[in-house]
Amino acid sequence: MSDPFDLPFFDEPGGEPAAPKPAARPPERSAGGGIAARAMAARGGQTQAPDYLSGLNPEQRLAVETTEGPVLVLAGAGTGKTRVLTTRIAHILATGRAYPSQILAVTFTNKAAREMKSRIGVLVGEAVEGMPWLGTFHSIGVKLLRRHAELAGLKSSFTILDTDDVIRLIKQLIQAEGLDDKRWPARTFANMIDGWKNKGYGPKDIPEGDARSFANGKGRELFQAYQDRLQTLNACDFGDLLCLPIRMFREHPDVLAEYHRKFKYILVDEYQDTNTAQYMWLRLLAQRPKSRHDTAPQGGANRPSDRSDAPAQASAGRRDAAVSEKEPQQINICCVGDDDQSIYGWRGAEVDNILRFEKDFPGAAVIRLERNYRSTAHILGTASHLIAHNEGRLGKTLFTEHARPDDSKVMVHAAWDSEEEARAVGETIEQLQRPDENNRRHNLNDMAILVRASFQMREFEDRFVTLGLNYRVIGGPRFYERQEIRDAMAYFRVVAQPADDLAFERIVNTPKRGLGETTIRQLHDIARARGVPMLNAAEDIVETEELKPKPRASLRNVVENFRRWQKMLDNTPHTELAEIIFEESGYTDMWKNDRSAEAPGRLENLKELIRSMEEYESLRSFLEHVALVMDAEQNAEQDAVNIMTLHSAKGLEFETVFLPGWEEGLFPHQRSLDEGGRSGLEEERRLAYVGVTRAKRNLHIWFVSNRRIHGLWQSTIPSRFLDELPEAHVEVEESGSSYGGYGGAFAPGRGGNYGGGAGRQNPYGASRFDNVGSGSFSNTYATPGWARAQANKTSATDRNWGTRSGAGVERIGYGETDSLRGAGRGSVKGRTIEGELVAKSVADTPSAFSVGDRVFHQKFGNGNVAAIEGNKLTIDFDKAGQKRVLDGFVTGV
DNA sequence: GCCTTGAGGTTTTTT
DNA sequence: ACCTCAAGGC
């Protein structure tokens, strides 16, 4: 309880919170219509609370009603975060504190924005349509830029490039510099640029070291060249959508002041995911200058150009004036987030932003939501215990008031390999889907498989196809990233924005028109030399003799097509135009004539594309949408199991959740450990926490002993996170029998991948199952090294799992000691972590081997020990290269 | 200019 | 194991 990070305000969980500060000053607008009257009533007391407040618990209600001043809502998983946000907005609107257009509500993903919009719609009806400033950071950035494009050096018709465009563009630049694009991959540089922009850096701001590390030290020049190129293309990338508004606000305080006047309330969702640029963006908008002069209106010219926020009532103008003249506006920013769910550090998110909130906004109210409405006590207990291993938390503990005795514990299962894992999960799903004795059955929609890395999905998909089990992959290969869709979009882009050279280049020879590299290069050169778009260059060059007759005719045809389509743009329904373009360009024919297996699907996707265009009023607005929203709506019609990554699962919940692949190297992911060290590990742990907290009633965690990585079979060891699960809430599956027959998976030598029939040793040390069954596998225990290891065993010996044949997995017992990481390293201040479930991934005892030892491994052959970490050995094998294995797997030679 | 073949790199997560 | 890219033949 005595958490050092505990913040002063709310130290009695569940108790009646005292207001941190006067909830608010009296409402600024007095009198007036019914809305204000309702507001007064709402403020007056609980008795007359409006409906929308009635279902809230005290903490939620406080978060909703503390409308004035800075507020940080720390909302644990499943504590009604979205509800608080949406109700808060409804409350602000209903009490007349602001008009819909005066609320800036930022989310991180499009999904979240949609969700919020629809839920606000439920609360306030039509009024939600008047909220133009509800959206993602990026979409709001676009809106700002379109409006003030000239201040950012763009024309308001600018194009937004996606990752693919960016990489192609950078590649051109690298080649133009005469650099080897193999040694300096465009993708790498694109990532670097993205990283810089996440920090708000322009070419001049990047650290010298960064600049030197790429392109023979020309990183900075290349970055600058890239920005220049974007400007000539009248284009910007994703990062610019954040950086350019920031720059604009800094360089044009008058414009910033406009928005200071405009936005009365700022709300930020998933604050823990904001990166430095987003943080600066928010600070600029939220932090009003102290001096009154800065906020004072500077004349009509600076008024926001859209007047949608100018209420019709005469009182409105008065109110506006009153606010800005009487007192400097205070900062009404409300950030909602959960430090324990910060999982985007790898792309620049700064958990620190949320940890620092109170310093940034002095006097901020901090409200914790810890009452969980989603999961069983077992699941919450598991999640809390797991996340308690992290340092640097603000500290929250979820609780539920709805523990039921018959809730099932969190299940941990083992499988031989990933195929087995998929098969077993499939069987479990089928079992759940079958009607039970009460004739109730689980919907597939209520189940989800959450994987660490997308390559894990394939195995499940394969299995489900075989079983005929419906599934849907969420966030997988994105609709708008498919080749045919991108081609189609490129056609549209050239039609709508004739200067879009990247799009032009993409499709000028798709389908094949005999316009190869040579022709393109010529076009390029002319366009560059004359400073005109390539389409114009093409238009001119076909009138000359410079091209050979064939390409010349072909190119003329292309140009004529585009000119014709451009003329049709304004007087032809855009879906119709799209079909015409596909037909006349020969694009549909191209796929019709394609004999490959994917071709029909691609044609189908093109139809789907046209269908999805119907919702938009014009081709332009459609393009705008697509640039920002790379995912297409999924049809939730059909009952299907959900498969997705842990990252894309954030914010969702399911009755039953499967978490496969809890193995060292995969989860926690090796790369996170390598690149992020301790904080990388903590982020992985938060990811595990996110995964666990997605489950409402049932949670199944899996790990396998063998996994194919980069096409090679690797033996794996259970994730350390398994060590960190609390015994009290977790049950290890005893045997395969309960799910009928996959227990045989543990038979030695199965699958032929494993060096003949010698079988597999128990990687977790000896267990009482080691002597069960026939003993061909046991010979390895006779080695001297093993004997020594045995002799050194401590109480930890008892906590081991067997994975022997037929037995599946069984928990044998628990050590009485604390977790090796909990108490041993004191990873959590002032908190004892007890009763952990143990699947040893790191031995308490030193390895029986030492660096340099010559060893033999059943599968990899002979090698030398290169490094030792606990019981994990890094071995340079003569044939197989360097591998990490458990010492139990090798024998001294 | 286009297509086939072979080599080499690659796979965490995404607005 | 898979995909992308370059080289070489047509």
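Protein chains get the first letters and strands the later ones, always in sequence-line order, with residue 1 at the start of each.
Comparing the same atom, P, in dT4(C) and in dT13(B) gives a spacing of 15 Å after rounding to whole Å. Here, dT11(B) and dA6(C) have their P atoms 16 Å apart, quoted to the whole Å.
With distances taken from any side-chain atom of F455(A) to the nucleotides dT15(B), dA1(C), dT11(B), the minimum falls on dT11(B). The side chain of S454(A) sits closest to dT13(B) out of dT13(B), dT15(B), dC2(B). Of all nucleotides listed (dT13(B), dT15(B), dC2(B)), dT13(B) comes nearest to the side chain of T645(A). Out of dT15(B), dT11(B), dC3(B), the shortest distance to the side chain of F238(A) is found at dT15(B).
No option in D339(A), D338(A), D340(A) other than D340(A) meets the salt bridge (Lys or Arg N to Asp or Glu O under 4.0 Å) test with R393(A).
The salt bridge (Lys or Arg N to Asp or Glu O under 4.0 Å) check on K117(A) picks up E129(A), with sequence neighbours excluded. For S612(A), the side chain to side chain contact (heavy atoms under 4.5 Å, CB included) partners are Y480(A), L609(A), F622(A), not counting sequence neighbours. Taking D352(A) as the reference, E350(A), L355(A), R356(A) meet the side chain to side chain contact (heavy atoms under 4.5 Å, CB included) condition, with sequence neighbours excluded. Annotation: side chain to side chain contact (heavy atoms under 4.5 Å, CB included) contacts of A649(A) (sequence neighbours excluded): L450(A), M644(A), R694(A). Contacts of E624(A) classified as side chain to side chain contact (heavy atoms under 4.5 Å, CB included), with partners at least two apart in sequence or in another chain: V142(A), R146(A), I160(A), L628(A).
Evaluation of Y344(A) against the base of dT14(B) yields no stacking contact (centre distance < 5.5 Å, interplanar angle < 30° required). Residue side chain W346(A) meets the stacking definition with respect to dT13(B): its ring centre sits within less than 5.5 angstrom of the base's six-membered ring centre, and the planes differ by less than 30 degrees.
Put simply, CZ on R187(A) is 6 Å from P on dT11(B), counting in whole angstrom units. In this structure, CG of L652(A) is placed 15 Å from C1' of dT13(B), rounded to the nearest angstrom. Atoms CD1 (I193(A)) and P (dT14(B)) sit 21 Å apart, rounded to a whole Å. Atoms CG (N706(A)) and P (dA1(C)) sit 16 Å apart, rounded to a whole Å. Here the P atom of nucleotide dT15(B) and the CG atom of L241(A) are 13 Å apart, to the nearest Å. Atom CD1 in I167(A) sits about 13 Å away from atom P in dT10(B), given to the nearest Å. The separation between K512(A) atom NZ and dC3(B) atom P is 6 Å, rounded to whole Å. A straight line from CD1 of I474(A) to P of dT13(B) spans 16 Å, rounded to a whole angstrom.
Inter-residue side-chain proximity for M192(A) and S213(A) is flagged as met; some heavy-atom pair is nearer than 4.5 Å.
Counting any heavy atom pair closer than 4.0 Å across all strands shown, T519(A) reaches sugar-phosphate atoms only and no base atom. F137(A) comes within contact range of no nucleotide atom at all, as no heavy-atom separation falls under 4.0 Å. Among the protein residues, H138(A) comes within range of the nucleic acid bases, having at least one heavy atom under 4.0 Å from a base atom. Across all strands shown, K550(A) has no heavy atoms under 4.0 Å from either base or sugar-phosphate atoms.
Residue T274(A) places no side-chain N or O under 4.0 Å from the OP1 or OP2 atom of dT15(B). Remark: N509(A) is in phosphate contact with dC2(B), judged by side-chain N or O atoms under 4.0 Å from OP1 or OP2.
When the nearest nucleotides of DNA chain B are assigned to G516(A) and N191(A) by heavy-atom distance, the more 5′-ward of the two goes with G516(A). Where N275(A) and R452(A) meet DNA chain B, the nucleotide closest to each residue was compared, and R452(A) sits on the side nearer the 5' end.
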Going 5' to 3' along nucleotides 2-10 of chain C, which nucleotides have protein heavy atoms under 4.0 Å from the base (write B), which only from the sugar-phosphate (write S), and which from neither (write -)?
S---S----

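In this structure, a donor-acceptor pair under 3.5 Å is present between the side chains of E505(A) and Q172(A).
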Determine, stepwise, if the pair Y344(A) / W346(A) fulfils ring-ring contact (aromatic ring centres under 6.0 Å, His included).
CA-CA 5 Å; Y344(A) 287 106; W346(A) 53 272; 5.8 Å; yes

